[in-house]
Amino acid sequence: MWEFLTGARYTSADSDLDLVMDLPDACLADPAASFLAHAQAISPWSLDAELSFPRIGDVHWKEWHSGAETVLVKSLDAVKLFPRAWVARGGVP
C-alpha cells in the first residue's frame with residue numbers, strides 16, 4: 001500500500017506477506033492454519049499471518065498449527081499465554 005501511495009520502494013525479495021484471518025468461530029482455526037500451511041508451501045513469500053479470534057485476540061498461525069498446548073494471544077490490552085483448548089472453546093472455561 002505504501003509503495004502505491006508514495007511511489008517509494010518498501011518491499012524487497014526478502015519481504016513477507018502480512019495477513020490477518022478474522023475467524024467468526026474458533027472451530028475454524030485448525031482449517032485456517034492448515035490452509036495457511038499449504039499456501040506457505042507453494043508461495044514464493046513467507047506468510048506472516050495472525051488468526052483473529054472474536055472477543056479473545058490474535059494468535060500467530062504457525063504457533064496454532066504447531067499444536068502447542070499454550071499459545072500467545074495478543075489483544076488490544078494485553079499479551080498473554082493461554083491454554084490452546086481455552087482459545088479453541090472461544091474463551092469459555
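In this text, all values refer to a predicted model and were calculated from it rather than measured experimentally.
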Asks: Between Ile56 and Ser75, which heavy-atom pair has the shortest distance, and what is it?
Replies: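 Ile56 and Ser75 have their closest heavy atoms at O-CB, 3.6 Å.
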Asks: Which atoms form the tightest heavy-atom contact between Ser66 and Glu63, and what is the distance?
Replies: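 Ser66 and Glu63 have their closest heavy atoms at OG-O, 2.6 Å.
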Asks: Using a 4.5 Å cut-off on heavy atoms from C-beta on, say whether the side chain of Val71 contacts that of Val73.
Replies: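 Val73 vs Val71: side chains touch.
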Asks: For atom NZ of Lys74, is the number of surrounding heavy atoms from other residues, nucleotides or ligands below 6.0 Å larger than 12?
Replies: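 Above 12, so yes.
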Asks: I would like to know whether Leu17 and Asp48 meet side chain to side chain contact (heavy atoms under 4.5 Å, CB included); could you show each step before the answer?
Replies: CA-CA 6 Å; Leu17 183 60; Asp48 183 10; over 6 Å; no
Asks: Looking at residues at least two apart in the chain, or sitting in another chain, which of them share a ring pair (Phe, Tyr, Trp, His ring centres under 6.0 Å) with Trp61?
Replies: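 Ring pair (Phe, Tyr, Trp, His ring centres under 6.0 Å) list for Trp61, sorted by chain: empty.
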Asks: Residues two or more places apart in sequence or in another chain: which of them pass side-chain contact (heavy atoms from CB on, under 4.5 Å) with Arg55?
Replies: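 In terms of side-chain contact (heavy atoms from CB on, under 4.5 Å), with neighbours along the sequence ignored, Arg55 is linked to no residue.
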Asks: Which atoms form the tightest heavy-atom contact between Ala26 and Ala88, and what is the distance?
Replies: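 In terms of heavy atoms, the two residues are closest at CB-O, 3.3 Å.
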Asks: Tell me the closest heavy-atom pair linking Asp16 and Ser46, and the distance in Å.
Replies: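 Between these two residues, the closest heavy atoms are CB-O, 3.1 Å.
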Asks: Out of curiosity, does Tyr10 fall in the hydrophobic cluster containing Phe4 (side-chain heavy atoms, cut-off under 4.5 Å, transitive links)?
Replies: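 As far as the 4.5 Å side-chain criterion goes, Tyr10 and Phe4 are connected within one cluster.
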Asks: Residues in ring pair (Phe, Tyr, Trp, His ring centres under 6.0 Å) with Trp86, at least two apart?
Replies: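 Only Phe82 meet the ring pair (Phe, Tyr, Trp, His ring centres under 6.0 Å) criterion with Trp86.
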Asks: Could you give the distance from CG (Leu81) to OG1 (Thr70), rounded to the nearest 0.5 Å?
Replies: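 Answer for the CG-OG1 pair, Leu81 versus Thr70, is 5.0 Å.
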Asks: Just how far is it from atom CG of Asp58 to atom CH2 of Trp64, taken to the nearest 0.5 Å?
Replies: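 If we round to the nearest 0.5 Å, Asp58:CG and Trp64:CH2 are 12.5 Å apart.
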Asks: Could you tell me the separation between the OG1 atom of Thr11 and the CD atom of Glu3, rounded to the nearest 0.5 Å?
Replies: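 Going from OG1 on Thr11 over to CD on Glu3, the span is 3.5 Å.
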Asks: Provide the closest heavy-atom pair for Pro31 versus Leu28 in the form atom of the first, atom of the second, distance.
Replies: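 In this case the closest contact between Pro31 and Leu28 is CD-O, 3.3 Å.
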Asks: Applying salt bridge (Lys or Arg N to Asp or Glu O under 4.0 Å), name anything that partners Glu69, two or more places apart in sequence or on another chain.
Replies: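 None.
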Asks: Can you check whether Leu19's main-chain N or O pairs, donor with acceptor, with Glu50's side chain at less than 3.5 Å?
Replies: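 No, because the side chain of Glu50 does not come within donor-acceptor range (under 3.5 Å) of the backbone of Leu19.
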Asks: Just checking, is any N or O donor in the side chain of Ser12 or Asp14 under 3.5 Å from an acceptor N or O on the other one?
Replies: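 No, because no side-chain N or O of Ser12 sits under 3.5 Å from a partner of the opposite role on Asp14.
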Asks: Please name all residues satisfying salt bridge (Lys or Arg N to Asp or Glu O under 4.0 Å) with Asp18, sequence neighbours left out, ordered by chain then number.
Replies: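 Expected list: none.
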Asks: Using a 3.5 Å cut-off and no angle test, enumerate the donor-acceptor pairs between side-chain atoms of residues 32-42 and protein atoms at least two apart in sequence or in another chain.
Replies:
from, atom 1, to, atom 2, distance (Å)
Ser34, OG, Asp30, O, 3.1
Gln40, OE1, Leu47, N, 2.7
Gln40, NE2, Trp45, O, 2.9

